[in-house]
Asker: 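First, the structure itself, so that you have it in front of you.
Both ligands and their constituent atoms are indexed starting at 1 by order of listing.
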Amino acid sequence: MDYSRVLFVAPYEELAEEARKTVEVLKKPCRVIVADMSDGAAAAQKALNDGVEVIISRGGTASLIRQAVTIPVVDVEVTGYDILRAFYPLRDIEGSFGIIGFPSVIKGCRTVAEMFGLNYFIYELEEGNDSLQSLNKEELAQTKVIIGDTLAVRYSEILNRPVHLIKSGPESIAAAILQAEGLIEALERDRAKTALSTVILNAVHEGVVTIDKNETIVNINAEALKMLELTPDILGKPAKTLFRPQLLAGIHFKKFTGHPERVNGRDLVLNLYPILVRDTHLGTVVTLQNAQEIQQAEYNIRRKLYHKGLIAKFSLKDFIGDSNSVHLILNQARKYAFTDSSILIQGESGTGKEILAQGIHQVSLRQNGPFVAVNCAALPENLLESELFGYEEGAFTGARKGGKAGLFELAHRGTLFLDEVGELPLHVQARLLRVLQEKEVMRVGGDRVIPVDVRLISATHRRLNEAVEKNEFRADLFYRLHVLGLTVPPLRERKGDIRLLMTKFLHELAPKLGKPKLNFTEEVYQAFENYQWPGNVRELRNCVEKLIVLSETDLILPESLMAVSFIKNQNESAHLLDRPHQNPESQQKALFSQPPETSDPAENVVSVQGSLNDIEKRVIEKVVQLENHNLTRAARRLGIDRSTLWRKRRQE
Ligand SMILES: Nc1ncnc2c1ncn2[C@@H]1O[C@H](COP(=O)(O)OP(=O)(O)OP(=O)(O)O)[C@@H](O)[C@H]1O
């Protein structure tokens, strides 16, 4: 114990003397001064500036000091020994005694006076009112001697009687000093705890504000001060200076987390925790987080976890073509890129719809965000919903522990590309519509909403407006997806692009395949221009690649076309080369034998030559055509899964 931390204010010299002796015996550092009543209080106040933390005093002086300072004041209690010591020498005095003092002294005195069989009267002083105004004059007149504490001694002249002071003995002084020491130790422990929690509170990255049960701010950490641009004088102010009263009203027994709120002009996310001690609400701890920082962190996590495959590879420059329609499409695409509206790209399979979607993302304001693509036809129906919207742990059997973020969440601040959007089942369409309206997703099996900022680009090879008419696609969703539209014509309608595409693909692929000098003959160019390309640019690219691989000289000759899958059959290739202006429909039909279709398309292909694969492919295409490009129905009719159908159509 530091010498300067405990001050003993003795109201009379003899007590001071006794205190000094006790201090020496106990070897406890304690400064002792003599000062009575208001002088004692003034001395105590002054001592605060010297770092005194506990004061010891006695009787009325102790009461006055307690009123003057905020630090703990220990009373030198009047013990039974002290009272006995005071009464013993007076025990043989004839006549009555007066006992004047504060309640703590009176009680013991009464017991001792009765033990000695004395006549006595009592005058009890009140804390804060130590006047003798209501003293009974008659009683006083019969009294020979007064016993009391320092106050009685002070009034001895007015009382006009001998006054015997109840002095404090060494035991009570020692008890007070030890109690003061205990208080200093408790203060130390308290300080250590406070220092620890202050360090913890200031080390956390969140703002923390503590409010007591009277809704007063009692603690605020450095981060909260910084976040809200406040100074520490906010302490002691009502909580409503910072928070809406309604916000705190409900926080008595239940924590409340993730609450977006504007505090002191800043957008924050608040968590409120009630402080409960044995079910009694003692206050609230509010933690504050910067809404933007949370979003950024969430976004970084999303990117980190799913960085693979979330980047757009193609730019608009990769969309090759010199026809008017291609120029028009690219022009529109560049304009659309600068908006945030949904885009629907329509066009046959292989016309480059995904290249356009990626290209738009690359020039859009979201270019640094993720590009997430999903093929709605390639995913089994039962998986589609959880893939798009994510799921919470335990949402269904086999759901991953901790749940899983959906593609919408992954595409946050970026673009989500829904390929084959026309294949979305109706119940998923309803959910998608809600997400687009609310701009937030709820994971499957979850109950919290997650705000998402996603630009949607969809693509379809179906005529979606016809699907709407047939009630296969929701009209409201169609209009939401089709705010802006792009239609990519099939390759057969822009034959002028064929030569350019052939050359580009040749220049891109031939060096990679170790045949940098390779060229097409004019006849091959023409044959390509004459073909109808049902698989569009994808098919053309694959054809070029195969021709490169199969070529044995530096020139690709018309004869090489025989080896290409779509015209593998010699008759067919001759047929295609001979009749360049045939329309696509009749050309498709030509792939099937005569007589024309019966009710079961499979019957139409029995006589078609070629490998089993070719025949299967033709059956599939025929059924897809008969089902008006509705892949779900086509798959059902073929007796295969929708995703299998999608895979088979893509297979070479
Ligand atoms: N205009 C184009 N320029 C260059 N390559 C193209 C073009 N159009 C298509 N391609 C080629 O065709 C392939 C398929 O393109 P993409 O996947 O964008 O077509 P899609 O219309 O989305 O097809 P699907 O409807 O079957 O998904 C691309 O990988 C690319 O090689």
Asker: To check your reading of the model: name the closest protein heavy atom to atom 4 (C) of ligand 1, its residue, and the distance in Å.
Answerer: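 Of the protein heavy atoms, Asp318 O, 3.2 Å lies nearest.
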Asker: To the nearest 0.1 Å, how far is atom 23 (O) of ligand 1 from its closest protein heavy atom, and which atom is that?
Answerer: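 Of every protein heavy atom, Gly350 N, 3.0 Å lies nearest to atom 23 (O) of ligand 1.
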Asker: In terms of side-chain heavy atoms, does Glu354 have a donor or acceptor partner in Gln358 at a distance below 3.5 Å?
Answerer: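 Side-chain D/A pair, Glu354 to Gln358: present.
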Asker: In terms of side-chain geometry, is the basic nitrogen of Arg366 or Asp340 positioned less than 4.0 Å from the acidic oxygen of its partner?
Answerer: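 Salt bridge: yes.
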Asker: Which atoms of ligand 1 sit under 4.0 Å from any heavy atom of Asp419?
Answerer: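 Every atom of ligand 1 under 4.0 Å from some heavy atom of Asp419: 27 (O).
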Asker: Looking at Glu469, Glu472, Glu627, which one forms a salt bridge (Lys or Arg N to Asp or Glu O under 4.0 Å) with Arg462?
Answerer: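 That would be Glu472.
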Asker: Consider every N or O of Ile355 and every N or O of ligand 1, then say whether any pair is closer than 3.5 Å.
Answerer: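 N/O-N/O distance under 3.5 Å: yes.
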Asker: For Gln289 and Gly207, indicate whether the former's side chain and the latter's backbone hold a donor-acceptor pair under 3.5 Å.
Answerer: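 No, because the side chain of Gln289 does not come within donor-acceptor range (under 3.5 Å) of the backbone of Gly207.
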Asker: Considering only the protein, which heavy-atom contact is closest to atom 27 (O) of ligand 1, and what is its distance?
Answerer: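 Protein heavy atom with the smallest distance to atom 27 (O) of ligand 1: Arg650 NH2, 2.7 Å.
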Asker: Do any N or O atoms from the side chain of Trp533 and from the backbone of Ile498 form a donor-acceptor pair under 3.5 angstrom?
Answerer: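 Looks like no, no N/O pair under 3.5 Å.
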Asker: Taking N or O atoms only and a 3.5 Å limit, does Ile320 qualify as a polar contact for ligand 1?
Answerer: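 For ligand 1, there is an N or O atom that lies under 3.5 Å from one belonging to Ile320.
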Asker: When you measure from the side chain of Asn530 to the backbone of Gln526, do you find a donor-acceptor pair of N or O atoms at a distance under 3.5 Å?
Answerer: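 It does hold such a pair.
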Asker: Heavy-atom contacts under 4.0 Å between Trp646 and ligand 1: side chain, backbone, both, or neither?
Answerer: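 Trp646 to ligand 1: no contact under 4.0 Å from either part.
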Asker: Within the distance-only criterion (no hydrogens, no angle test), does the side chain of Tyr336 pair as donor or acceptor with the backbone N or O of Asn331 below 3.5 angstrom?
Answerer: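 No, the answer is negative, given that no donor and acceptor are paired below the 3.5 Å cut-off.
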Asker: Closer than 4.0 angstrom, basic N to acidic O: yes or no for Asp554 and Lys517?
Answerer: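 No, this pair does not count.
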Asker: May I ask you to identify the nearest protein heavy atom to atom 26 (O) of ligand 1, giving residue, atom name and distance to one decimal place in Å?
Answerer: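 For atom 26 (O) of ligand 1, the nearest protein heavy atom comes out as Ser349 OG, 2.6 Å.
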Asker: Do me a favour and list the nearest non-hydrogen protein atom to atom 11 (C) of ligand 1 with residue, atom name and distance?
Answerer: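 Ranking protein heavy atoms by distance from atom 11 (C) of ligand 1, first comes Val537 CG1, 3.9 Å.
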Asker: Considering non-hydrogen atoms of the protein only, which is the closest contact for atom 31 (O) of ligand 1, and what is the distance?
Answerer: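 Here the nearest protein heavy atom works out to Arg541 CD, 2.9 Å.
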Asker: If the cut-off is 4.0 Å to any non-hydrogen atom of Phe505, which atoms of ligand 1 fall inside it?
Answerer: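 Taking each heavy atom of Phe505 in turn, ligand 1 has 4 (C), 5 (N) under 4.0 Å.
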Asker: Nearest to atom 19 (O) of ligand 1, what protein heavy atom do you find, and at what distance?
Answerer: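 Sorting protein heavy atoms by distance from atom 19 (O) of ligand 1 puts Gly352 N, 3.1 Å first.
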Asker: Taking only heavy atoms of Lys353, which atoms of ligand 1 are found under 4.0 Å from at least one of them?
Answerer: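 Result: 18 (O), 19 (O), 20 (P), 21 (O), 22 (O), 23 (O), 24 (P), 25 (O).
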Asker: Look at atom 14 (C) of ligand 1 and say which protein heavy atom is nearest, naming residue and atom and giving the distance to 0.1 Å.
Answerer: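 Answer for atom 14 (C) of ligand 1: Arg538 NH2, 3.5 Å.
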Asker: Could you check whether Ser323 and Asp497, counting side-chain N and O atoms only, form a donor-acceptor pair closer than 3.5 Å?
Answerer: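 Side chains of Asp497 and Ser323: pair found under 3.5 Å.
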